[in-house]
Amino acid sequence: MSTSTTSTTSPKPERRTLGERWADLPKPVKIVVWLAVALFFYALPLLNPPLLSTPESDFGSVMFTVASYALVALGLNIVLGYAGLLDLGYVGFYAIGAYTVGVFGSLHGSLPFWLLIVLAVCISTASGLLLGAPTLRVRGDYLAIVTLGFGEIIRLVALNSEWLNQSRGIQDIPRPPDITIGGEPVFEVPRLLWDGLTATVDLGNTSAFLEFGLLDGVPYYWLALSVIILVLLGDVLLQDSRVGRAWEATREDEEAAELNGVPTFRYKLLAFAMGAFIGGLSGALFAARQGAINPETFTVQLSMLFLAAVVVGGQGNRWGALVGAAVVAYLPERFREFADFRVVVFGLLLLLLANFRPQGLLPPRRARRAQRAGKRLAELEGTEEGARA
Amino acid sequence: MPGTSPPSPLEPNRVVPLSTFLNLTFTGLVVGAIYGLFALGYTLVYGVLRLINFAHSEVFMWGSFAAVWMMTLLNARAGSGGPAAVLYLLLALLAAMAVSGAVALLVERVAYRRLREKKSPPLVALISAIGASFMLSEIMGLRDRIAGWLNLDGVLGDYVRPARENTQFVNPLPNATLLDVGGFQVRSTQLIVLVAALAMMIALEQFVRRSRLGRGVRAVSQDAEAAALMGVDQKRVVQLTFLLGGLMAGAAALLYLMHIGVTRYNVGFILGIKAFTAAVLGGIGNIRGALLGGLVLGLAENYGSQLFGSAWKDVVSFLLLVVVLLFRPTGLLGESLGKARA
Amino acid sequence: MPDLAKDTAAPAPGTGEALLRLEGVTLRFGGVVAVNDVSFEIRRGEILGLIGPNGAGKTSCFNALTGVYQPTSGQVVFDGRPLGRRKRYQINRLGIARTFQNIRLFQNMTARENVLVGADSHHRAGVLNSLLRLPLHRRETAEGNRRADELLELMDLGHRGDDLARNLSYGEQRRLEIARALATRPKLLCLDEPAAGFNPVEKQRLMDLIRRVRDMGNTVLLIEHDMRLVMGVTDRIVVLEFGKKIAEGTPEQIRNDPAVIAAYLGVDDDQLTDEEENL
């Protein structure tokens, strides 16, 4: 019955996994490691590492795309991975964020950039609440279709509404304000130039700190990465709290959760709204980087790619979501001939994963925990069961 | 409202002549019958498996291309008429039903069977089907590239291009006006579509109700375990269910082409949501419900587009879906494939 | 609010005032009347047994008073307040907690986390508190953990806290469900066949446990098939048959009630166990 998942592998000497070793490290060491990792990712587009770098498009811009997918994946992971709600219209919130910045920054207003971001986030969160409040009570698989419809409706509204400029879209979307001293960048960061495995510092090709220009994607990447780090931090804190437990319980058994005092609907709505918040934020950053948007960007295919990012990585694991997003966003850029086929390829990947590895490439903590505990139990059980019988 | 407010966009359409209303009603029923036929695939599969057949939209889309290609193959000319036209249409119907049926079986085999045997949670099956759905649609959308790889571009040129644009369907039947009363028109194509869709649905209902295989479908949908104990081969019932849904979607695809005239690689997406809405509206799992849901949706959509402008047609049907799910999630006729009655 | 470490002495069994009253509760599903005009009360500090043959409406009755179903007519009054149309989590927060006949734990959470979910039902820290680790969050986390420790210990699960619920043995899972329910600080603990599938030794241990829970000041409603267990542990018993209450009284009275004997006890024990197996 409940222990049917225990594996029957031969007992091995207890080996500590990487995760367990990591958990035992003293806190200052952990912080230093984290800082080093963060620094590495900030520097990545400038390091321009030979195999990783994208020969056919600007590596900095690609890294920004990866980062914006990663942000979306983190948001969708809260909705799908934590609360267990299959949202197929996530692109809708992304579009709302992008359009808010476009409409109030260029088309019908010229609000300052940071205010635009705040507004975008508010509007997309509000739309999440508005969509979620009536629909989160329906069955899980129905919710998938309703959200699918929602995502498409947002696109159709943008396409048909005169006020939103229809298929022409919006241009001249404001960029983030530069941080300069008297018009000059604070400092310039040079890039590495690789010749085989030897690197030289290329002083002719620098990224200005912090100037949001048209060509150089690196400053936008920095901005997005900073947002990701903040969101990650919040994600970690929230998951290990009353809120995170309530989500997990709701996903596991909604009725049992409810009867143990969890207002499940409220928590589902909360997850939905937080997902919308992050989706809108990501869309706003995307619009600011692109400078121009039109309805055709926000198709259902994009929703599918977002979904693929979370499912590929492992629903419920934030690191998995990040890895999944990197796979989905980066591979088509690195291998351009593959770009047109990415929907086919990731569709296939979804199909294969659902059938053969539903927990994804990096299963969440709980799934791994279960496997380990299962193994340990298999060893213990013989004696215990014998005593009981 | 202040009296000086600008005229609402609704204003010009407020007074609708009777003939317009009748036309809207009639075309609404025609489109609705197509939705209903398409919706059967959702209803049947949901009735038996309690799962949404997400890839059903692509089953329809592939059927529509089969019909288009059959006409290209036959070198049909639009409106040529005569007995040949009827034969051509029947061949196109056959092609569409065959291809849709085959794709439906493929979906069952690839996306659902393993998960059904493992008793995976519904969301996993849904994700599997989403993957299959996007693959099927994108393969159609990239057919020119694929043909290029295979060096078949010269042979298949007419069939694969333009891969991402609308593809015209050549209807060899002339579209005669059968009736014109003060602006209210009934065209022959519309009438054929309506009658054919209803006939297909009646045939299906009779099949499920009376045949031995159909009884198996009903038995499994009522109580899968009991049916298995009584010796019903569940695997075959599931296959049959997908096949029937696919055949009906193929027929719906041809009728859709006769009515609308074009298809494209992603035509299934919005139409699929609508057919699903029709199924839910009538009561998912209920065969007559699918028809009723389709007709109601077709009417609502047509009236809605008259009120708000045709660009908002899809929004109307989406809102209808949300409203139904909220206030009557079991649909108008209730969910009962088992009983197969209204 | 009853706490585990309650210092007030429990009232003498069965003499307390009513904690929960069913007033003419009827529950109808389509044409079937599952519960028919049933009234009884559960008194503070007692262990009340709810028994009856299969299909007598025990679980339906149970579901009506935990808010899973709305009664078709009649009402449930808890602690002086009618349950009315309260949501299920609100009913839990009023002080009614339950376990399930077929175990429904959060299988992929650890035993401790399961209990913490229950403990959280009285916590208030939301997103802001959790994100900023404000004092309220910290205080509640500490309180929840303390409570989880106590309850796991009480249920003999102290060593299993970090194991996933689904890796616990059957008996441990049943006990964990009770711990989770107790963590919500119920005034009334409802146990739905907690001994199903237990061997006699385990049943005996469970009886001791139920008594201990009661002695800490809790009121317990117990649905059970096993007559020995019910007779041994309860203070009073309500008997249902075909959705109707046919008797109510002390175990002694019930044992000698002709209607009950006819309906239920006439069937000998072996047969009862068989029925149970067939569930």
Side-chain angles (χ1 to χ4, degrees), chain A residues 80 84-86 88-89 131 133-135 137-157 159-162 166 251 299-301 303-305 307-308 310-311 315 337 340-360, chain B residues 9 42 46 50-52 54-55 107 110-115 118 120-139 141-142 145-146 266 269-270 272-274 276-277 280 284 308-315 317-327 329:
Chain A
L80 176 60
L85 306 165
L86 185 49
L88 297 180
L131 174 67
T135 56
R137 291 182 204 276
V138 306
R139 286 183 234 165
D141 45 1
Y142 280 16
L143 178 73
I145 305 291
V146 171
T147 51
L148 186 71
F150 164 77
E152 188 64 6
I153 293 305
I154 295 295
R155 191 180 70 84
L156 288 175
V157 168
L159 191 62
N160 290 321
S161 155
E162 194 69 51
Q166 294 172 325
R251 194 196 53 229
T299 59
V300 63
Q301 273 85 359
S303 264
M304 202 280 287
L305 292 175
L307 176 70
V310 176
V311 173
Q315 304 165 42
E337 61 275 28
D340 284 344
F341 288 86
R342 64 176 174 172
V343 175
V344 178
V345 170
F346 290 118
L348 179 64
L349 207 54
L350 278 185
L351 181 73
L352 291 177
L353 281 170
N355 278 279
F356 298 103
R357 200 179 159 82
Q359 71 274 39
Chain B
Y42 291 106
Y46 199 94
R50 301 281 179 270
L51 292 174
I52 295 175
F54 193 90
V107 167
V110 173
Y112 284 98
R113 188 176 301 171
R114 196 186 142 81
L115 294 174
K118 280 203 310 190
S120 296
L123 284 195
V124 176
L126 198 54
I127 287 173
S128 172
I130 289 169
S133 169
F134 277 94
M135 276 183 74
L136 283 169
S137 129
E138 281 293 319
I139 286 173
L142 294 166
R145 305 277 297 270
I146 295 168
N266 60 0
F269 172 57
I270 281 278
I273 295 184
K274 288 186 185 169
F276 178 79
T277 304
V280 173
I284 198 159
F308 308 111
S310 59
W312 302 100
K313 201 163 78 175
D314 298 337
V315 182
S317 39
F318 169 73
L319 289 178
L320 192 62
L321 174 63
V322 173
V323 169
V324 173
L325 287 178
L326 284 184
F327 295 105

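In the text below, chain A, chain B and the rest are named by the order of the sequence lines, each starting its count at 1.
Once rounded to the nearest 0.5 Å, the distance linking CZ of A/Phe150 with CG of B/Leu319 reads 11.5 Å. With rounding to the nearest 0.5 angstrom, the CD1 atom of B/Ile130 is 7.5 Å from the CG atom of A/Leu148.
A heavy-atom distance below 4.5 Å is found between the side chains of B/Ile127 and A/Gln315. The shortest side-chain heavy-atom distance between A/Glu152 and B/Phe318 does not fall under the 4.5 Å cut-off. Side-chain atoms of A/Leu156 and B/Trp312, non-hydrogen and from C-beta on, never get closer than 4.5 Å to each other.
Interface check for chain B: of the options A/Leu159, A/Leu307, A/Asp340, the most heavy-atom pairs under 4.5 Å are formed by A/Asp340. Among the candidates B/Ser128, B/Ser137, B/Ala111, the residue making the largest number of heavy-atom pairs closer than 4.5 Å to chain A is B/Ser128. Among the candidates B/Val322, B/Val323, B/Ile270, B/Leu321, the residue making the largest number of heavy-atom pairs closer than 4.5 Å to chain A is B/Ile270. Considering only heavy-atom pairs separated by less than 4.5 Å from chain B, the leading option among A/Leu350, A/Val345, A/Leu351 is A/Leu351. Between chain B and the options A/Asn355, A/Leu352, A/Leu349, A/Ile153, heavy-atom pairs under 4.5 Å are most frequent for A/Asn355.
Contacts between A/Pro358 and chain B at a heavy-atom distance below 4.5 Å involve the side chain alone, from C-beta outward. Neither the backbone nor the side chain of B/Arg113 comes within less than 4.5 Å of any heavy atom of chain A. Heavy atoms of A/Val300 lying under 4.5 Å from chain B belong to its backbone as well as its side chain. Looking at B/Ile273, only its side chain comes within 4.5 Å of chain A, counting heavy atoms on both sides. With a 4.5 angstrom heavy-atom cutoff, A/Phe346 does not touch chain B via any of its atoms.
Judged as a side chain to side chain donor-acceptor pair (under 3.5 Å), and not counting sequence neighbours, A/Ser303 has no contacts.
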Only distances under 3.5 Å count here; give the side-chain donor-acceptor pairs of residues 140-147 of chain A to other protein atoms, sequence neighbours excluded, each with its distance to 0.1 Å.
unit_1, atom_1, unit_2, atom_2, d
A/Thr147, OG1, A/Leu88, N, 2.9
A/Thr147, OG1, A/Leu143, O, 2.9
A/Thr147, OG1, A/Ala144, O, 2.8

